[in-house]
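To find a chain, count down the sequence lines: A is the first, B the second, and so on, and within it residues start at 1.
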Amino acid sequence: MIVQLLVTGIALGSMYGLVALGYHITWVTSRTMNFSQGHAVMAGAVVAFAFYVGLGWPLWAAVLATLVILAALGIGLERVAVRPFFRVASPAWLLSTIACGIIAENVAMLTFGKDARAFPSVLTQKPILVGGAGFYAQELLIPVVGLLLMGGVQLFYHRTGYGKQLKAVAYNPEAAGLMGIHIPRAVMCAYGLSALLAGIAGVLLAPVLNVAATMGTIIGLKAFAVAIIGGLNSAPGIMVAGLGYGLVESFVAGYLSTGAREIIGFALVILVLVVRPWGLLGSRPARRV
Amino acid sequence: MTWVAWGCLAAAAGSLPLFTANTYYLYVAASVGLLTIVTSGLNVLVGFTGQMSLGHAGFYAIGAYAAAVLTTRVGWSGWAAILVAILVAALVGAGVAGAALRVTGPYLAMVTIAFGIIVEGILVEWVSVTGGPGGIFNIPKPSLHAFYWVIMGGAAVSLWLVANLRRSAWGRAFLAVKGSDVAAESLGLSAYYVRIMAFTVSAGFAGAAGGLFALLNGYVSPDSFTLQTSILFLLALLFGGEGRVAGPVAGSIALTLLPEFLTSLADFRLILYGGLLMCSIYWLPTGVVGALTRRGDSDRDRDRDSDSDRDGNRDRDGDRDSGGTAPLLQVEKASLAFGGVAALSEVTLAVPARGIQAVIGPNGAGKTTLLNALSGFYVPDSGGIRLREVPVAGRPPYAIARLGVARTFQTAQVFGDLSVAENVAVGVAGPRLGSVVAALVGAPWTRAAEARLRRRALALLAEAGLTEWVERPADALPAGLRRRLEIVRALARKPRLLLLDEPAAGLAPAEIAELDAYLARLRDTGGPAVVLVEHHMDLVMAVSDHITVLDYGRVIASGTPEAVRTNPAVIEAYLGVSE
């Protein structure tokens with residue numbers, strides 16, 4: 001039982017962390033974020049399903065096409081729902097990204113259908129049994145890919161030239177702009193990358209959870225909770241919080257009930273914010289007078 | 001014009017049951033009424049105070065379930081149940097706000113979302129009380145015809161309450177916090193407390209609507225209280241026009257009727273909502289009502305009460321210091337560093353209870369940092385600040401303001417959504433806002449207090465030569481007058497100490513001369529002690545009694561204008577001349 005809960009918790013937690021990293025990436029570059037990040041996860045799963053099952057493409061081609069489409073969706077979202085309200089004090093971007101999300105959900109309902117469907121995968125055909133605990137190979141693949149990607153994103157930011165430029169934008173957009181960094185393009189890239197990560201999470205989760213038009217909201221909310229718990233401006237905080245949240249959730253569901261899972265998970269968010277208002281590893285923004 | 005529109009609306013709502021016995025129409029109309037009640041309350045939070053909530057379905061649910069449980073299990077009457085529903089929702093709202101409003105932006109959105117999900121989860125899980133996923137049935141249901149009147153009455157009362165609130169000291173405090181929480185704190189308002197009150201009021205309204213919803217339907221179940229419901233509330237408010245009393249009505253009508261007309265498009269409902277939200281963000285930033293009423297006419301017909309009766313303004317606070325030799329403000333070796341850069345190092349300064357003390361120095365010398373430390377926005381790393389021997393370093397800005405310290409800001413911070421007169425009224429009232437319930441119902445004594453506040457504000461504005469601007473929104477003022485308004489607003493607190501941060505910046509020479517005369521008059525007529533941070537040397541030399549010179553966060557000279565003018569260290573700091 002414990003092994004099973006651990007595997008599930010780490011698998012889901014790493015995905016929450018990966019999706020939450022998407023919030024972090026756009027937040028630090030533009031002080032905005034896609035509040036419908038969960039719908040990007042859904043889009044990733046649905047689009048992959050359409051290519052793989054619907055059109056019968058080979059898996060690698062379906063996944064590649066999905067990732068290209070997701071990055072394009074992210075860039076499109078930035079253009080339509082964020083750029084017009086960039087750095088405006090009003091939270092218009094918050095509402096406009098929510099609007100895009102519910103439109104996307106409706107489109108998925110109309111095209112994909114209202115019912116949940118299973119995503120066939122060789123890795124979920126028969127469970128691996130370890131001392132009475134059963135889990136799928138996919139659940140082992142998920143955290144490996146998830147953690148590798150998180151590490152990759154960190155490397156990109158700290159080691160590559162363009163990553164450093166993006167970090168400079170995060171640190172001080174005005175100065176970065178004066179140094180010749182094209183800020184709108186940086187924000188665009190951030191949104192593309194953010195949606196891409198969500199899409200990967202969608203593809204990875206599709207075989208474990210079922211694919212459904214309505215799957216996005218709750219994943220997005222949990223990932224948001226993770227981003228907030230970890231601290232929006234702290235990537236390491238988010239990774240830790242993601243795994244922690246996944247484990248807490250898995251164990252609460254295992255030992256209490258699945259109903260208590262959401263209540264306890266989100267109560268934890270409020271608790272963390274009461275104790276540490278800017279997240280576990282986040283830092284308080286300087287007060288401007 | 002506005003009254004005609006309200007009259008038509010009331011007539012339409014009132015005559016509907018006469019024309020149709022079709023219960024479907026009455027039910028839809030009643031739904032408009034419920035949504036109006038919720039969004040009116042939400043308007044206080046979002047429109048007035050500028051905070052966001054994505055969890056108000058939670059308060060709606062609390063109201064609905066409170067009413068359902070009390071009427072079915074305890075056997076209470078509907079009226080009593082709704083009263084309790086309001087109280088419970090407001091109480092929970094205050095608690096949630098206490099946790100939520102310590103944070104802002106996405107963090108606040110998260111707390112409200114989390115609250116909504118927790119409530120939804122509890123409704124499903126706590127089967128013994130809430131009936132679980134199936135909800136509570138057999139709620140004693142009054143006849144739809146009779147209840148239609150109750151809900152429409154409730155909606156009308158909600159609008160009236162919010163209109164009263166907007167005209168009260170609380171309403172101004174909400175808009176002040178939205179406009180500039182920093183300036184609001186400098187006038188003695190705790191932005192945190194004011195926001196909590198707005199949140200509590202809005203939760204109470206949602207609770208009332210929830211209670212009515214339970215009685216209208218005769219059953220409640222968790223499906224009605226999801227995140228989507230919270231988003232719908234927000235959408236209705238924004239589409240109608242946030243910050244305007246009539247906005248919720250327009251938004252509620254549109255958002256309730258549109259899906260009813262388009263039932264054939266039920267599959268496209270989310271696209272419709274999403275599209276509507278996008279449209280209103282793009283093209284109707286002030287909502288339908290905002291687009292229809294151009295700012296400045298209908299919004300400004302309040303406060304037409306004449307100033308005929310003059311009972312002498314007797315509101316006494318801010319005991320002016322009458323002489324005494326001890327300094328009013330004493331700064332002792334205050335140091336403050338930002339990331340290793342010393343902005344203030346061991347600054348020692350004494351401000352007497354009378355006169356004008358200037359603080360000058362090159363750019364980046366730490367002048368504004370010093371003012372921010374004096375007014376509580378920054379806390380010194382070491383050293384002490386004492387006001388009349390009371391240590392104030394580390395106290396929040398509003399607490400220091402309440403001790404009689406007022407200030408202005410380098411970029412004038414006026415409350416843009418408030419009129420010029422209301423801006424000053426915020427200063428006159430300070431932290432004394434009275435009871436929020438009295439403000440909601442427009443109690444006679446609050447109206448009397450309002451009249452006094454307004455007279456005092458108008459008198460102060462007349463003194464400052466701003467009479468022709470009193471009814472204009474403050475952000476319509478030219479830059480020079482904004483600064484003057486800011487000073488008038490700060491003085492309205494009757495402070496013991498006034499901190500002015502570059503009041504002459506950006507002013508034309510004629511305006512600087514006026515400012516010069518104004519400051520001199522202030523000093524000669526027994527005004528507060530002034531700490532003046534300024535670059536215009538002519539002004540500084542003309543009005544100051546004492547000058548302190550800062551350079552790299554240190555006091556390099558201090559003395560009378562003549563002494564400072566000839567001080568070699570000062571000349572070197574300013575001109576870079578070395579021997």
Practice prompt. Could you check if a side-chain atom of A/I98 sits within less than 4.5 angstrom of a side-chain atom of B/Y273, using non-hydrogen atoms only?
Written response: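 They are not in contact (no side-chain heavy atoms under 4.5 Å apart), so the answer is no.
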
Practice prompt. Flag the pair A/M109 / B/I271 as yes when at least one side-chain heavy-atom distance between them is below 4.5 Å, and no otherwise.
Written response: no

If I measure from the heavy atoms of chain B, does [X] come under 4.5 Å with its side chain, its backbone, both, or neither?
X	result
A/Y23	neither
A/L110	side chain
A/L94	side chain
A/V274	both
A/L271	neither
A/L95	both

Discussion item. If you count every heavy atom of other residues, nucleotides or ligands that lies below 6.0 Å from A/R117 atom CZ, does the total exceed 12?
Written reply: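 Above 12, so yes.
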
Per-residue contact mode, [X] against chain A (heavy atom under 4.5 angstrom):
X	answer
B/M52	side chain
B/F338	neither
B/L235	neither
B/L276	neither

Heavy-atom closest contact ([X] atom, [Y] atom, distance):
X	Y	result
B/E125	A/S257	OE1-OG, 3.6 Å
A/A99	B/G274	CB-O, 3.5 Å
A/P84	B/Y282	CG-OH, 3.4 Å

Practice prompt. Find the one option among A/C100, A/A225, A/A227 whose heavy-atom pairs under 4.5 Å with chain B are most numerous.
Written response: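 Of the options given, most contacts go to A/A225.
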
Worksheet item: Highest number of heavy-atom pairs under 4.5 Å with chain B: which of A/I264, A/L232, A/L273?
Response: A/L232

Practice prompt. Return the set of residues passing side-chain contact (heavy atoms from CB on, under 4.5 Å) with B/V124 (not counting sequence neighbours), or none when no residue passes.
Written response: B/P133, B/P222

Worksheet entry | Chi angles and distances behind the side chain to side chain contact (heavy atoms under 4.5 Å, CB included) call for B/V119, A/F266 | CA-CA 10 Å; B/V119 170; A/F266 284 98; over 6 Å; no

Worksheet, complete the sentence: Here the gap from A/F35 atom CZ to B/M110 atom CE, rounded to the nearest 0.5 Å, amounts to 8.0 Å

Counting heavy-atom pairs under 4.5 Å to chain A, which of [options] comes out on top?
options	result
B/I113, B/L272, B/L270	B/L270
B/S375, B/A114, B/A99, B/A100	B/A114
B/D501, B/L54, B/L277, B/L371	B/L277
B/V103, B/V111, B/V96, B/I117	B/I117

